[in-house]
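Remember, predicted model here, so these are calculated numbers, not experimental data. If you read the sequence from its start, that first residue is 1, and numbering goes on from there.
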Amino acid sequence: MKNSLWLARIFAGVLVVVICLEFVILHQKIVHRGPNNPSTYLSSLQHQSCEQKTNISFSKLHKCGSSTILNILLRYGMKHDLTFVLPPENFYLGWPEHFNKDMAIQVPWNEYNILTHHSRFSYADISAMMALDTVYVTVLREPVSLFESIFFYFDIGGKFGLRGHEGLSLFVDNIHQMYPIKPDKKLLNPMLFDLGMEVEDMRDLENVDKRIKYLDVIFDLVMIAEYMDESLILFKHLMCWETDDIVAFTMNTRVSQSKNVLREDVAEKIRNWNAGDVKLYSFFNRSLWQRIDEFGVNRMQAEVEELKTRREYYFNRCIEKIVTNGPGVWRPDNVSVQSFKRKALVQNDTICIGLTLTEIPFTKYLRAKLLQRIDDYQTNNSSLR
C-alpha cells in the first residue's frame, strides 16, 4: 500500500514538472516572437533585415497538400546542407504516437534544422530538440474534401466492403455505428489529431476552442491547401527565401477520375462528424485572409503571378509529361496518383531531379546522406582524440 502511494506521488510530481516545462517553453516562444497575429507578422515583414531562416518545424498532416511543401523543404535543406530530423526507417516519425526525439536518427553534433516528415505534434518535445528560433508551420485542408480524400486514398470503405461514391455515402449515413467497429484516427478530426489533440478531448468544442488558441500561439504560419500559392508567398516572406525556393509541382495528388463530388447532405454530415476540424479550418482560413489583406491584395496577386511564371518555366524545362502511377510512387491499389517524367536532357539536372522526386526516394537519399555525415563526423572526431 505504501509502495503504491509512493509511486503515485512520484507520478504526480513528474506530471507537474512536465506541465510546468511546457508552460515555460511556451512562454519563451511568446516572449521570443510575440503573439502570432497578422499585424505582428506584417510588421516583421516590413522591418526585419530579411536574413534567410533555416530552422523550421513543418507539421505534415495527412492528405492536406503537405507532400508538396515537404518537397520544397527537402530541396531547400539539401541545397544548403542542413540537418533533417529523419526516421531511422520508413517515412513516419512515430505517428500515431506523439513525437519525441527517440523516434528520429540522433546526430552527434545535436543540431537540427528541418523537421518535415509525418509526425504527431508535441510542442514540448519538438521545441526541446529544435533551435529557439525555429519557425513553426503547418497546412490545413477543407474538412469535407479532406474526409473524401482520406476515405478513398486509404480505402476505408474496403474495410467494410463498401465501394465508390455510394459506399462513402452509406458509410457517412451510418458513421456512428460503423466507425466504432474499425476506428481509424485519420477519419475523426484528423487535423486536430495530427496536431496533437487527444480524441476524447475533441468531443467538447470548448476544448477545441482552447486548442485552437494554443496552436495560434505556437504556429508562425498556418497555410491553407485551397490557397496554396497565397500561402507559399506568405511562407516565402516569413522565411526570407527566394521565389524559386518555393516553386513546386503538386505532389501525391490523385488523378481526377479517382475523386468524387459529394452531395450536400453527405457533406453536411461530415461537417457535423468532424466539427472540431471545421472550427480549426474556419479559424485559420480567416487568419490567412487577414494576413493576405495586411500583406496587400494587389501585392499578393503580383507575387502569385510571379510564382506561377517560375513554376511554368521549370515545368517546361524539366517535364516531358505527367504520368499516372509512375515507378517509385507509393499509392494504394485502388487509387491512381500522378507524378512527373523528366525530359531526357535533364536527367542529371539537380534542380529538375529535386522537383520531381517523390517522398519515398527523396527520403531514402537524404537518410543515406545523413548517416554518411554521422560516420564522417565520428571518424573525424575520433582521430582528434
Between [X] and [Y], do the side chains contain an N or O donor and an N or O acceptor separated by less than 3.5 Å?
X	Y	answer
T243	K236	yes
D194	H62	yes
H117	T363	yes
E226	Y281	yes
R373	T83	yes
S145	R141	yes
Y377	W109	no

Q: Check the pair C352, R317 against side chain to side chain contact (heavy atoms under 4.5 Å, CB included), reporting the backbone distance first and the verdict last.
A: CA-CA 8 Å; C352 292; R317 169 178 163 177; 4.1 Å; yes
Q. Pick one: which of R310, K79, K53, R75 meets salt bridge (charged side-chain N to carboxylate O under 4.0 Å, His left out) with D245?
A. K79
Q: Show the numbers, then the answer: is there a side chain to side chain contact (heavy atoms under 4.5 Å, CB included) between R311 and K308?
A: CA-CA 5 Å; R311 186 186 297 132; K308 289 179 178 178; 4.0 Å; yes
Q: Might you confirm whether atom CG of D81 has over 12 heavy atoms from other residues, nucleotides or ligands at distances under 6.0 Å?
A: yes
Quick check for you: to the nearest 0.5 Å, what is the distance between [X] atom [atom1] and [Y] atom [atom2]?
X	Y	atom1	atom2	value
N55	D133	CG	CG	4.5 Å
I233	I292	CD1	CD1	10.0 Å
K269	H176	NZ	NE2	10.0 Å
I126	S59	CD1	OG	5.5 Å
L262	S169	CG	OG	6.5 Å
S231	Y227	OG	OH	10.0 Å

Do [X] and [Y] make a side-chain contact, defined as non-hydrogen atoms from C-beta onward lying under 4.5 Å apart?
X	Y	answer
S66	F58	yes
N189	M197	no
F235	I246	yes
P190	D277	yes
F219	F121	yes
V304	L232	no
P143	M191	yes
F151	E148	no

Of all heavy-atom pairs between [X] and [Y], which one has the smallest distance, and what is that distance?
X	Y	result
L195	L140	CD1-CD2, 4.3 Å
T116	L74	CG2-CD2, 3.8 Å
P87	L93	N-CD2, 3.4 Å
L61	V139	CD1-O, 3.4 Å
E359	S67	OE1-OG, 4.2 Å
Q106	Y112	CA-OH, 3.4 Å

So if you build clusters from Ile, Leu, Val, Met, Phe, Trp, Tyr with side-chain heavy-atom gaps below 4.5 Å, do [X] and [Y] land together?
X	Y	answer
I156	V266	yes
F160	Y153	yes
L73	Y365	yes
F283	L215	yes
I175	V278	no

(Q) Could you go through F193 and V199, starting from their C-alpha distance and side-chain angles, then the distance that decides it, and tell me whether this counts as side chain to side chain contact (heavy atoms under 4.5 Å, CB included)? (A) CA-CA 7 Å; F193 182 83; V199 172; 3.9 Å; yes
Q.
Is the ring pair W95/Y92 parallel, tilted or perpendicular, if the boundaries are 30 and 60 degrees?
A.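 Perpendicular: the ring planes of W95 and Y92 meet at over 60°.
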Side-chain donor or acceptor of [X] paired with backbone N/O of [Y] under 3.5 Å:
X	Y	result
N174	Q177	no
D216	I212	no
E242	D244	no
N274	L187	yes
S122	H98	no
N71	G354	yes
S127	A124	yes
E306	A302	no
N207	M202	no

Are [X] and [Y] close enough that their ring centres sit under 6.0 Å apart?
X	Y	answer
W273	Y179	yes
F315	F249	yes
H237	F295	yes

Check this for me: does any side-chain nitrogen of one of [X] and [Y] sit under 4.0 Å from a carboxylate oxygen of the other?
X	Y	result
R211	E198	no
K159	D184	yes
E320	K341	yes
E89	R367	no
R271	E268	yes
D125	K101	no

Q: Report the C-alpha distance between K60 and I69 in whole Å, list the side-chain angles of each, state the deciding distance to 0.1 Å, and finish with yes or no for side chain to side chain contact (heavy atoms under 4.5 Å, CB included).
A: CA-CA 9 Å; K60 186 178 188 297; I69 300 169; over 6 Å; no
Q) Do K186 and F154 meet the cation-pi criteria used here (NZ or CZ under 6.0 Å from the six-membered ring centre, within 45° of the axis)? A) yes
Q: Check the pair D349 / R342 against salt bridge (charged side-chain N to carboxylate O under 4.0 Å, His left out), numbers first and verdict last.
A: CA-CA 10 Å; D349 184 318; R342 293 191 300 274; over 6 Å; no
